[in-house]
Amino acid sequence: MLYFCTLFDSAYLSRGLALYTSLEEHCSSFHLYIVPFDSHGQQVLEALSLPHATLINLADFENEELLAVKGNRTHGEYCWTCTPSLISYCLHTYHLEACTYLDADLLFFSDPDILIREMGKASVLITEHRYSPEYDQSVLCGTYCVQFMTFKRTPAGLHVLNWWKDACLDWCYNRFEDGKFGDQKYLDDWTTRFEGVHVLRHLGGGVAPWNNTRYDYLESNDQVWVQDSSVSSPLVFYHFHDFRYCQDETFRLTNEEYRLRKEVIALVYKPYVKALQAAAQRIRQADATACFHEPPFSLDWLTTNAGRRVTFLLKGSYKNYHKHTRLWQ
């Protein structure tokens, strides 16, 4: 049995449900612990009655330490602050031998067990950003990404987790300051600061907009594969960083700065949009009035430039902006 945890609010409901459903599809035995960060999200998830999930009430999860810093952080910063505390809560409350934190905007394309087994006897598993050279932000955002992290309930694992938890309680903001950024830059020296930290080697864990140009992609026997030079691996999960629901039934696949390969759009983003559509249908069945994504993102970047606007009207897509009909085909 694999144990995972995540947290999200109503603005990420469809993403969170898509993540859960992808685990159901690809993971033979798992359980996901979820902290809904608002009452509306809690109510919708309760109505869905997900058989392989446990909902953790926010009031039960938040302790005095978290509440003491909550008022000094933005909503996003507070979510980052809570990440190590959530992992610790799950390990101790449910007496788990290990727990893997997942960002809510991941989707699995094959069984994550292969990633967790790779850590062997190590107590902590972390993943690199593996930036493409043209998108390297490691100086500001860190070498490693919090997206997928496993901690074992061993002395070594808890030592790292408690250090990180205390650091995030002390400082966790959406800015670069004194070598820190959010909850993420703290990971930069873990392989030398601590014992028992393993850096994931599998190519299929952690593909994202910032490294998608590093790889070739192909589909074989209903499995997406990623290839870097002579190494080929099944895609395990993709991180849909900065995906946005937009006005006029449009999606922004990711930030404008990233160039997405056509194969990634076809083999990765199209299945994600279909997964979101299926999640939205399930949510509406549970609550016809449910809000399940953020307020629609503005199309100003497209509409204020005549060339972009005309191309988008004619083709239904421009760079990372796509009409929903282009992705549901």
Side-chain angles (χ1 to χ4, degrees), residues 2-9 12 16 31-37 54-106 116 119 122-129 141-200:
L2 299 181
Y3 296 98
F4 302 98
C5 65
T6 191
L7 49 85
F8 53 86
D9 60 15
Y12 267 56
H31 199 83
L32 177 64
Y33 297 93
I34 304 171
V35 177
F37 259 59
T54 293
L55 303 182
I56 302 170
N57 190 286
L58 185 61
D60 295 331
F61 164 67
E62 289 179 312
N63 55 29
E64 292 183 1
E65 291 179 313
L66 288 170
L67 291 172
V69 303
K70 186 174 184 178
N72 299 321
R73 315 241 164 128
T74 67
H75 180 70
E77 290 167 346
Y78 184 62
C79 288
W80 291 348
T81 302
C82 287
T83 299
S85 293
L86 172 58
I87 302 166
S88 178
Y89 181 93
C90 290
L91 286 173
H92 291 98
T93 303
Y94 302 106
H95 308 290
L96 308 180
E97 293 184 2
C99 187
T100 301
Y101 168 78
L102 307 175
D103 273 351
D105 54 354
L106 307 183
I116 297 171
M119 68 188 292
S123 290
V124 179
L125 173 68
I126 57 177
T127 59
E128 292 180 283
H129 278 107
C141 298
T143 301
Y144 305 100
C145 186
V146 171
Q147 60 189 352
F148 183 103
M149 302 175 67
T150 302
F151 287 84
K152 293 179 182 176
R153 190 160 56 91
T154 62
L158 294 178
H159 178 56
V160 180
L161 182 58
N162 289 334
W163 180 93
W164 186 35
K165 180 175 65 173
D166 290 342
C168 287
L169 287 167
D170 181 62
W171 191 99
C172 189
Y173 297 97
N174 187 18
R175 61 178 184 264
F176 181 78
E177 181 180 307
D178 297 330
K180 303 187 290 287
F181 176 80
D183 59 348
Q184 197 155 264
K185 281 285 285 181
Y186 289 122
L187 281 60
D188 276 5
D189 66 353
W190 280 13
T191 58
T192 55
R193 180 187 288 267
F194 301 112
E195 298 287 338
V197 177
H198 177 77
V199 179
L200 185 72

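Remember, it's a predicted structure, so these values are computed and weren't measured experimentally.
How far OG1 of Thr74 is from CH2 of Trp80: 7.5 Å, rounded to the nearest 0.5 Å. The structure places CD1 of Ile126 at 6.5 Å from OG1 of Thr191, a figure rounded to the nearest 0.5 Å. A distance of 8.5 Å separates NZ in Lys165 from CG in Leu66, rounded to the nearest 0.5 Å. The OG1 atom of Thr83 sits 10.0 Å away from atom CD of Gln184, with the distance rounded to the nearest 0.5 Å. Here the straight-line distance linking atom OH of Tyr173 with atom OH of Tyr78 works out to 12.5 Å at 0.5 Å rounding. One finds the CD atom of Glu65 at 5.5 Å from the CG atom of Leu169 (value rounded to the nearest 0.5 Å).
For the residue pair Phe181 and Cys141, the shortest heavy atom distance occurs at CD2-CA, 4.2 Å. Leu96 and Arg153 make their closest contact through O-NE, 2.8 Å (heavy atoms, listed as atom of the first residue, atom of the second, distance). Nearest approach of Trp171 to Glu177, heavy atoms of both residues: NE1-OE2, 3.2 Å. The minimum heavy-atom distance linking Gly182 with Cys172 is given by the pair C-SG, 3.6 Å. When all heavy atoms are compared, the tightest approach of Pro36 to Leu55 is CG-CD2, 4.5 Å. Nearest heavy-atom pair across Ile116 and Leu125 is CA-CD2, 4.4 Å.
You'll find the side chain of Phe194 stays beyond 4.5 Å of the side chain of Val124, heavy atoms only. Contact of the Leu86 side chain with the Ile56 side chain is registered, since non-hydrogen atoms from C-beta on lie closer than 4.5 Å. Considering only heavy atoms from C-beta on, Leu158 comes within 4.5 Å of His92 through its side chain. Cys90 has its side chain out of reach of Tyr3: every pair of non-hydrogen atoms, C-beta onward, lies at least 4.5 Å apart. Counting only heavy atoms from C-beta outward, the side chains of Glu128 and Thr143 approach each other to under 4.5 Å. Met149 has its side chain within reach of Leu187: a pair of non-hydrogen atoms, C-beta onward, lies under 4.5 Å apart. Using a 4.5 Å cut-off on side-chain heavy atoms (C-beta onward), Cys82 and Val35 make no contact.
Partner of Tyr33 under the ring pair (Phe, Tyr, Trp, His ring centres under 6.0 Å) criterion, out of Tyr94, Phe61, Tyr89: Tyr94 alone.
With hydrogens and angles ignored, the 3.5 Å screen pairs a side-chain donor or acceptor of Tyr186 with a backbone N or O of Ala167. The main-chain N or O of Asp183 is found under 3.5 Å from a side-chain atom of Trp164 such that the two form a donor-acceptor pair. Of the possible donor and acceptor atoms, none in the side chain of Asn174 sits under 3.5 Å from a partner among the backbone N and O of Glu77. Remark: side-chain polar atoms of Asp103 are not paired, donor with acceptor, to backbone N or O of Asp105 under 3.5 angstrom. With Ser123 contributing its side chain and Lys152 its backbone, the two residues share no donor-acceptor pair below 3.5 Å. Between the side chain of Thr6 and the backbone N or O of Leu102 there is at least one donor-acceptor pair closer than 3.5 Å. At least one donor-acceptor pair closer than 3.5 Å links the side chain of Asn57 to the backbone N or O of Ala59.
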Evaluation steps, salt bridge (charged side-chain N to carboxylate O under 4.0 Å, His left out), between Lys70 and Glu62: CA-CA 10 Å; Lys70 186 174 184 178; Glu62 289 179 312; 2.9 Å; yes
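Between Trp190 and Tyr144, the distance separating the two ring centers is not shorter than 6.0 angstrom.
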